[in-house]
Amino acid sequence: MNFWLVKQEPEDYSWNTFVKERGAAWTGVRNFQARKNLRGMKKGDLVLFYHSGSGAEVVGIARVAREAYPDPTATEGDWSCVNLLPVKGLNRPVTLGVIKADQALKEIPLIRNSRLSVMPLTPAQLNRVFELGETNL
DNA sequence: GCCAACGTTGGC
DNA sequence: GCCAACGTTGGC
């Protein structure tokens, strides 16, 4: 199994909306590196849900429900999306400040490449966020 | 609201 | 293929 993190501005599409709607097609990604990561997702992979902008923090855990397929919102170009399902919210959201201060997370792409919207995580990074979020599956 | 970092575009 | 200009993202 692989692990990922996706970013979303809460004003645009929040974790609460995602939970209420019981999942979403993760459309609108228009960046080649992010697309490559989307296409690497396998059904069942765990995906951390991160709120960017106001209140930057990891808020929840999702799972890949459907692997990459053509993004129906793309009017031109070769873009992909996946379907994600909510698993559970973190008992304690993990803020960017905490992530930045954590030695075990200093290599996380969230910090190293702050503009990437879909990124891979190592098992150690995922476990550390679970630990900081006081959450288990 | 500002600004740094990064990606994309287009002229050459 | 290089690089300047521009647009966007996202942290603060």
Side-chain angles (χ1 to χ4, degrees):
Chain A
M1 186 176 351
N2 294 306
F3 308 115
W4 312 90
L5 181 147
V6 296
K7 287 204 278 205
Q8 191 62 42
E9 294 199 34
E11 291 81 3
D12 201 26
Y13 190 80
S14 70
W15 168 257
N16 283 343
T17 305
F18 177 61
V19 170
K20 196 179 304 174
E21 295 182 352
R22 298 163 181 272
W26 213 255
T27 56
V29 172
R30 300 289 184 269
N31 169 283
F32 293 112
Q33 206 181 339
R35 183 186 74 179
K36 171 172 159 279
N37 292 330
L38 279 180
R39 290 178 177 175
M41 290 184 179
K42 297 295 174 199
K43 189 173 180 178
D45 283 357
L46 292 177
V47 183
L48 296 179
F49 193 116
Y50 174 83
H51 278 169
S52 60
S54 53
E57 58 189 10
V58 179
V59 288
I61 306 163
R63 201 180 277 286
V64 177
R66 181 179 172 190
E67 295 177 13
Y69 60 97
D71 183 342
T73 70
T75 54
E76 62 175 27
D78 173 28
W79 299 107
S80 296
C81 64
V82 298
N83 288 358
L84 299 180
L85 285 175
V87 176
K88 67 199 299 193
L90 295 182
N91 293 321
R92 177 190 288 271
V94 181
T95 66
L96 182 61
V98 167
I99 291 169
K100 277 186 166 174
D102 197 279
Q103 191 65 18
L105 294 175
K106 69 183 174 68
E107 297 294 317
I108 200 169
L110 194 63
I111 299 169
R112 300 187 62 182
N113 183 0
S114 68
R115 296 187 49 184
L116 185 61
S117 61
V118 181
M119 65 190 74
L121 299 179
T122 67
Q125 288 165 348
L126 183 96
N127 285 332
R128 184 61 180 148
V129 173
F130 277 17
E131 202 175 344
L132 293 167
E134 299 173 5
T135 304
N136 290 306
L137 279 185

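Per chain, numbering begins at 1; letters A, B, ... match sequence-line order.
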**OP:** Answer yes or no: does atom CD of A/Q103 have more than 12 heavy-atom neighbours from other residues, nucleotides or ligands under 6.0 Å?
**Re:** no
**OP:** Indicate whether any N or O donor in one side chain lies under 3.5 Å from an N or O acceptor in the other, for A/W4 and A/D45.
**Re:** yes
**OP:** Just call it for A/L116: base, sugar-phosphate, or nothing, with non-hydrogen atoms closer than 4.0 Å on any strand.
**Re:** nothing
Original post:
Distance-only, no hydrogens or angles: does the A/K100 side chain make a donor-acceptor pair with backbone N or O of A/I111 under 3.5 Å?
Top reply: no
Original post:
Going 5' to 3' on DNA chain C, which nucleotide is the first and which the last to come under 4.0 Å of a heavy atom in chain A?
Top reply: C/dG7 to C/dC12
**OP:** Taking only Lys NZ, Arg NE, NH1 and NH2, and the carboxylate oxygens of Asp or Glu, determine whether A/R35 and A/D71 approach each other closer than 4.0 Å.
**Re:** no
Original post:
Are the aromatic ring centres of A/F32 and A/W79 under 6.0 angstrom apart?
Top reply: yes
Subject >> Aromatic plane relationship, A/F18 with A/W15 - under 30° parallel, 30 to 60° tilted, over 60° perpendicular >> reply: tilted
Original post:
At what angle, to 10 degrees, do the two end axes of the helix from B/dG1-C/dC12 to B/dC12-C/dG1 meet, given five pairs define each axis?
Top reply: 10°
Original post:
Of the options A/E134, A/E131, A/E57, which is the one that meets A/R92 in a salt bridge (Lys or Arg N to Asp or Glu O under 4.0 Å)?
Top reply: A/E134
Original post:
Once you round to the nearest 0.5 Å, how far does CD of A/Q33 lie from CG of A/L116?
Top reply: 5.0 Å
